[in-house]
Number of protein chains: 2
Amino acid sequence: MVRRGSRGKGAEKRERILRAAIKIFSHKGFFNSKISDIARSAGVADGTIYLYFKNKDDLLISLFEEKMAEVVADVRGRVAAGNGALSRLKIFIENHMSLLVREAGLIEVLQVELRQSNKFMKEYVPVKFLEYLDVITEILELGKREGTFRQDLNVRMARRAVFGALDEIALAYVLSRKRKYDPADAAAEIYRMFSEGLCTKAQNREGRT
Amino acid sequence: MVRRGSRGKGAEKRERILRAAIKIFSHKGFFNSKISDIARSAGVADGTIYLYFKNKDDLLISLFEEKMAEVVADVRGRVAAGNGALSRLKIFIENHMSLLVREAGLIEVLQVELRQSNKFMKEYVPVKFLEYLDVITEILELGKREGTFRQDLNVRMARRAVFGALDEIALAYVLSRKRKYDPADAAAEIYRMFSEGLCTKAQNREGRT
DNA sequence: TTTTGGTGAATGATGATTCATTCAAGAGGG
DNA sequence: CCCTCTTGAATGAATCATCATTCACCAAAA
C-alpha cells in the first residue's frame with residue numbers, strides 16, 4: 001500500500017495535481033477550468049483528483065492554504081533579518097514584488113480567485129491570507145513601538161492600504177502582457193510612498209536610509 | 001410598436017434588468033448567478049434579457065461600462081470643485097469611500113468581478129475603469145505642476161497605489177458583515193497616509209490643511 | 001490472494017440560449 | 001365607432017452542451 005501522507009509517492013502526486021491546478025486556474029480562472037484539464041496537465045485520471053481532494057472547491061482552497069503557508073513562512077524568515085521597522089517594511093515589499101516573478105502562477109490565482117472565494121464560499125475563512133496581513137501588522141506595530149511610525153497610525157487600516165497598493169500594482173503587472181515596469185523598481189517606489197507617509201515628522205526631517 | 005432606444009418603456013425595462021443584475025451578481029457572483037434569477041428579480045421572462053443583451057457576458061460588461069460611466073462623470077464634477085491637488089485628492093478619496101454606501105451593490109460587483117473579466121474575457125478592455133484611474137492621474141499631475149507633490153513621483157505607479165489602497169479597504173468593508181469602521185474615517189486615514197507620503201519635504205515642513 | 005491506488009467512461013444535473021407562440025396596441029377601412 | 005389586421009415585444013418551456021462527480025473495474029504490490 002502506498003501511503004498518502006506528507007511523505008511518499010502519494011504526496012508527490014498530490015503536489016503534481018496542485019501544480020497543475022495553479023497552472024490551469026491561472027490561465028483560465030476557476031470557473032472556466034475543467035477538472036479534466038487539470039487531470040490531463042497533471043498526468044493523472046480525472047477520478048484521481050478526487051482521491052486527494054474532496055471536490056473542485058476543496059482543490060482551490062487547499063491550494064490557497066498550502067501555498068500561502070509556504071509564502072508566509074518564507075517572508076517571515078526574510079523579514080526577521082531586517083532590523084528596524086523601515087528595513088523590514090522594505091524587505092516585505094521587495095519580497096512581495098519578487099513573488100511575481102518567482103511564483104507568477106500562484107500569485108495570479110490568488111489575485112483573481114481569492115476575492116471570489118472570500119466572498120462567496122460562505123464557510124471559507126482565508127486563514128493563511130490573514131496571516132500574511134499579520135506580517136504587515138507586526139511590522140507596523142514594531143514601528144510604532146520604535147517611534148519610527150506615527151503613534152496615531154491606524155494599523156488595521158494601514159496594513160490594508162499597504163497590501164492593497166502592492167496587490168494592485170502586482171495586478172497591473174500580471175495583466176499587462178508588455179511587462180511595462182520592473183518589479184524591483186516598483187518595490188522601491190512603493191516603499192518610498194509609504195515610508196515617507198508613515199514616518200513621524202522627526203524622522204522625515206532627519207535623513208533616512 | 002415600442003421603441004427600445006434610450007427613451008421610452010424599453011429603456012426602463014433595460015434599466016430594471018441592469019439593476020436586478022447588480023443585485024444578483026453582488027449577492028452570488030457572476031458564475032453562481034442564473035439568468036433565471038436575474039429575470040425573476042427584474043420581473044421579466046428569461047428570454048426578455050436576450051432582447052436587451054447579447055448574452056450573460058454582455059450583461060456583465062454593459063453593467064460595468066454604463067454604471068462606471070456614471071460614477072466617472074460624477075466624480076469628475078466633484079473633484080473639479082476642489083482647488084489644488086491635495087484638496088482634489090481628498091475629495092476623490094472621500095467620494096470613493098462614500099460610494100460604498102451609496103452604491104454598495106455596484107461596488108461589490110466591480111470589486112470581485114472586474115478582475116475576473118479583466119483577465120479572462122480576452123476582448124474586453126475596461127475602458128471606463130481606466131478612465132476612473134485617469135481621474136487620479138490628473139490629480140497627481142496637477143500636484144506635480146503645482147509643486148505640491150514630488151517631481152520624481154512615478155504617476156503611473158502612484159495612481160495604482162492610491163486606487164489599490166482604496167479598493168482593498170473598500171473590500172474589507174464590504175466583506176465584513178460587522179462594518180467595523182466608518183468609511184469617512186477610513187477616507188481621512190488614507191488621505192493622511194498618502195498626502196504625507198506624496199508631498200515634497202517643503203510641504204511637509206510647513207503646516208498643511 | 002487480497003488490498004488499494006488508480007482509471008476513465010458513464011451518469012446526472014445544471015443552466016445558458018433558443019424559438020414557437022402569445023399578446024397588446026396601433027393602423028386603417030367600413 | 002367597431003372590427004380586423006399587422007407588427008414586434010415578451011414569454012417560458014424545451015433544447016442541448018457542458019462538466020463535476022461517481023463507480024465498476026484493473027493492475028501492481030504485499
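Just so it is clear, the structure is predicted and the values come from calculations on it, not from any experiment. Letters A, B, ... are given to chains in the order of the sequence lines, protein chains preceding strands, and every chain is numbered from 1.
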> Can you name the residues that form a side chain to side chain donor-acceptor pair (under 3.5 Å) with A/K56, not counting sequence neighbours?
Replying inline: none
>> Heavy atoms within less than 4.0 Å of DNA chain C: which residues of residues 27-41 of chain A have one? Give them sorted by number.
In response: none
May I have the distance from [X] (atom [atom1]) to [N] (atom [atom2]), rounded to whole angstrom?
| X | N | atom1 | atom2 | answer |
| --- | --- | --- | --- | --- |
| B/L51 | D/dT11 | CG | P | 8 Å |
| B/F53 | D/dA10 | CZ | C1' | 15 Å |
| B/I49 | C/dC19 | CD1 | P | 18 Å |
| A/Y52 | D/dA20 | OH | P | 20 Å |
| A/R16 | C/dG6 | CZ | C1' | 12 Å |

> What are the two closest non-hydrogen atoms of A/E113 and B/Q116, and how far apart are they?
Replying inline: OE1-NE2, 3.0 Å
> What pair of heavy atoms forms the shortest contact from A/F120 to B/F25, and how long is it?
Replying inline: CZ-O, 4.0 Å
>> Exactly one of A/E146, A/K144, A/R145 should register a side-chain hydrogen bond (donor to acceptor under 3.5 Å, both in side chains) with A/T148. Which one does?
In response: A/E146
> Side chains of B/L59 and B/Y52: does their closest heavy-atom pair fall under 4.5 Å?
Replying inline: no
Heteroatom pairs (N/O) under 3.5 angstrom, protein to nucleotides 12-16 of chain D:
unit_1 : atom_1 : unit_2 : atom_2 : d
D/dG12 : N7     : B/G47  : N      : 3.2

Show the atom names and distances, to 0.1 Å, of all donor-acceptor pairs under 3.5 Å that link a side chain in residues 35-45 of chain B to residues at least two apart or in another chain.
unit_1 : atom_1 : unit_2 : atom_2 : d
B/D37  : OD2    : B/K28  : NZ     : 3.2
B/D37  : OD2    : B/K34  : N      : 3.2

> Taking atom OG of A/S117 and atom CZ of A/F64, what is their separation to the nearest 0.5 Å?
Replying inline: 4.0 Å
> For B/V101, which residues count as a side chain to side chain contact (heavy atoms under 4.5 Å, CB included) partner, sequence neighbours excluded?
Replying inline: B/P183
> What is the ring orientation for B/F163 with B/H96, classed by angle as parallel under 30°, tilted 30 to 60°, or perpendicular over 60°?
Replying inline: perpendicular
>> Is the ring pair A/F31/B/F31 parallel, tilted or perpendicular, if the boundaries are 30 and 60 degrees?
In response: parallel
> So, is B/Y50 near the phosphate of D/dT11, with a side-chain N or O under 4.0 Å from OP1 or OP2?
Replying inline: no
> Among residues 55-63 of chain A, which residues get a heavy atom nearer than 4.0 Å to DNA chain D?
Replying inline: A/N55, A/K56
> Would A/R156 count as a cation-pi partner of B/Y181, with NZ or CZ less than 6.0 Å from the six-membered ring centre and within 45° of the ring normal?
Replying inline: no
